[in-house]
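Just below is one structure, and these are the notes that go with it.
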Number of protein chains: 2
Amino acid sequence: MDVANPTGAGEGGIVEAARPADTGRRARTEKLILDATREMLAEVGVNGLTVEGVANRSGVAKTTIYRRYRSKTDLALAVLLDSVEYLGTTPDVGDTYAELAEVVDRTIELLNSTLIGRIMQGLVSEIAADPELALAYRERVVNRRVADVRRLVERGISRGDLRPDVDAEMLTDLLLGPIYYRFFLSGSPLDEGFGVRLVSTLFSRGPAQGA
Amino acid sequence: MDVANPTGAGEGGIVEAARPADTGRRARTEKLILDATREMLAEVGVNGLTVEGVANRSGVAKTTIYRRYRSKTDLALAVLLDSVEYLGTTPDVGDTYAELAEVVDRTIELLNSTLIGRIMQGLVSEIAADPELALAYRERVVNRRVADVRRLVERGISRGDLRPDVDAEMLTDLLLGPIYYRFFLSGSPLDEGFGVRLVSTLFSRGPAQGA
DNA sequence: TTGAAACGCTACGTTGCGTAGCGTTAGTAC
DNA sequence: GTACTAACGCTACGCAACGTAGCGTTTCAA
């Protein structure tokens with residue numbers, strides 16, 4: 001699995017001027033491959049993606065692609081992780097519930113408006129089945145999301161909005177689970193109001209309190 | 001798509017003694033195919049499933065299989081829907097929260113202990129991408145789940161456990177979304193206690209009430 | 001200038017897909 | 001029993017993509 005560190009550089013070496021590996025031959029080839037993959041993904045999705053197609057479109061030899069990526073799944077995951085790299089953290093707006101709703105809406109936006117949604121649809125089966133891919137996805141995406149929510153929770157607790165015993169992971173599941181469930185399986189709409197509705201259902205404006 | 005009604009019988013005809021179509025040649029072949037598919041799914045998963053493999057194992061000619069199922073996806077979905085056919089409704093135990101937790105735990109049990117989990121992992125991408133498969137899945141699975149939860153909600157409201165304005169679909173998403181999210185993407189554990197924890201987090205024993 | 005890493009290219013063997021054409025068997029109706 | 005028809009079996013394709021081997025060529029940096 002070369003996905004995590006395609007250039008093989010930048011780890012133990014002396015840091016030279018402006019990361020020379022980013023402009024070397026290898027990096028150029030890398031970009032050609034990923035750009036072509038992105039284009040092809042946009043057109044035909046993960047299912048229609050072929051290594052041969054990427055080779056033709058990018059001008060890079062098929063064998064070169066196989067020297068880096070084990071399979072088309074590996075290739076698609078590389079694009080996914082690359083696109084997700086800059087997720088960012090949810091800003092402090094002074095309102096815990098608004099911030100939580102923001103997490104939800106940003107995720108929906110991500111799935112609806114970019115390639116990521118399409119890639120996720122095609123990759124979810126592979127991620128679910130392949131432990132190696134699953135690990136990569138967890139480290140690069142899932143864990144970051146939980147960490148983001150954890151920050152919100154800590155802010156919320158210090159504001160007195162949330163109980164001190166809130167489980168950040170469970171809360172993340174409650175915020176994101178419904179999104180993916182709708183996106184993958186139920187097909188129910190994921191519009192702009194969903195975040196607010198979800199959060200207000202979650203926090204006491206929905207069901208009544210315990211008996 | 002032949003999945004929904006493979007035999008083509010039993011719809012508009014006169015009901016004869018004990019559904020003769022169930023013992024005819026066609027039904028026999030059907031069983032051979034589905035049994036072999038089930039075996040192969042258990043061994044190699046949806047990804048490793050091949051129509052040729054099913055043909056060899058079942059003794060049924062490959063062409064015969066293609067006369068019924070468009071693709072291996074169609075085949076796997078047929079097994080899935082067949083296995084899910086007898087989902088059943090959640091019994092009345094007098095406790096709304098226990099009933100909701102039961103919905104969660106049953107779903108987890110279904111995913112963990114049977115072929116269904118494995119099939120779902122392999123099919124979720126196809127369901128997400130193919131509108132026809134998605135429709136079949138919604139009608140046969142999603143809608144039934146929502147209907148079940150709706151009954152629970154109505155009971156809960158009449159008991160005074162739930163507010164009268166609870167949205168059954170949103171509640172279903174909140175109960176099942178986290179399960180599938182963990183199962184497909186996050187990989188966090190789905191043990192027996194999950195249902196109770198989820199429900200108690202949902203209903204006021206988790207986060208504090210609104211500011 | 002030179003040496004190693006990276007790349008290009010051709011040519012394979014293989015699997016699995018999905019279909020065509022035609023003969024054969026098993027039930028059904030008379 | 002005979003005849004008819006739906007269902008099935010079988011062989012033989014053409015095709016797309018996979019993934020690899022082997023060897024020559026280019027790039028870049030020391």
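Proteins come first, then strands; the chains are lettered A, B, ... in the order of their sequence lines, and each starts at number 1.
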Of the listed nucleotides C:dC17, C:dC7, C:dT25, the one nearest the side chain of B:Arg25: C:dT25
Gap between atoms CG and P, on B:Leu75 and C:dG16 respectively (whole Å): 15 Å
Geometric class of the A:Tyr181/B:Tyr180 ring pair [parallel <30°, tilted 30-60°, perpendicular >60°]: parallel
Candidates C:dG8, C:dA6, D:dT20 - which lies nearest the side chain of A:Val60: C:dG8
Quiz item: A:Arg26 side-chain donor-acceptor pair to C:dA6 base, under 3.5 Å: no
C:dG8 base / A:Lys62 side chain donor-acceptor hit below 3.5 Å: no
A:Ile65 CD1 to D:dT20 C1', straight-line distance once rounded to whole Å: 15 Å
Pair of N/O donor and acceptor under 3.5 Å linking D:dC10 base with B:Thr63 side chain: yes
Under-3.5 Å donor-acceptor pair between B:Arg67 side chain and D:dG9 base: yes
Closest to side chain of A:Arg68, choosing from C:dA6, D:dG19, C:dC17: C:dA6
Sugar-phosphate, base or nothing in reach of B:Gly59, heavy atoms under 4.0 Å: sugar-phosphate
Nearest-nucleotide pick for A:Thr50, side chain only, options being C:dC7, D:dC18, C:dG16: D:dC18
Nucleotide C:dT25, atom P - distance to CZ of B:Arg28 in whole Å: 15 Å
B:Glu192, CD atom: more than 12 neighbouring heavy atoms under 6.0 Å: no
Nearest-Å distance for atom pair CG/P, residues B:Leu32 and D:dA7: 16 Å
Whole-Å distance separating the CD atom of B:Glu30 from the P atom of D:dC8: 9 Å
Closest non-hydrogen atom pair between B:Ile127 and B:Ala134, with its separation: O-CB, 3.4 Å
For atom OH of A:Tyr66 and atom C1' of D:dG22, their distance in whole Å: 18 Å
Between C:dT19 (P) and B:Arg70 (CZ): distance, integer Å: 10 Å
SB check A:Arg140 A:Glu85 (cutoff 4.0 Å): yes
Interatomic distance where CD belongs to B:Glu52 and P belongs to D:dA16 [whole Å]: 17 Å
Salt bridge A:Asp191-A:Arg197, side-chain N to carboxylate O under 4.0 Å: yes
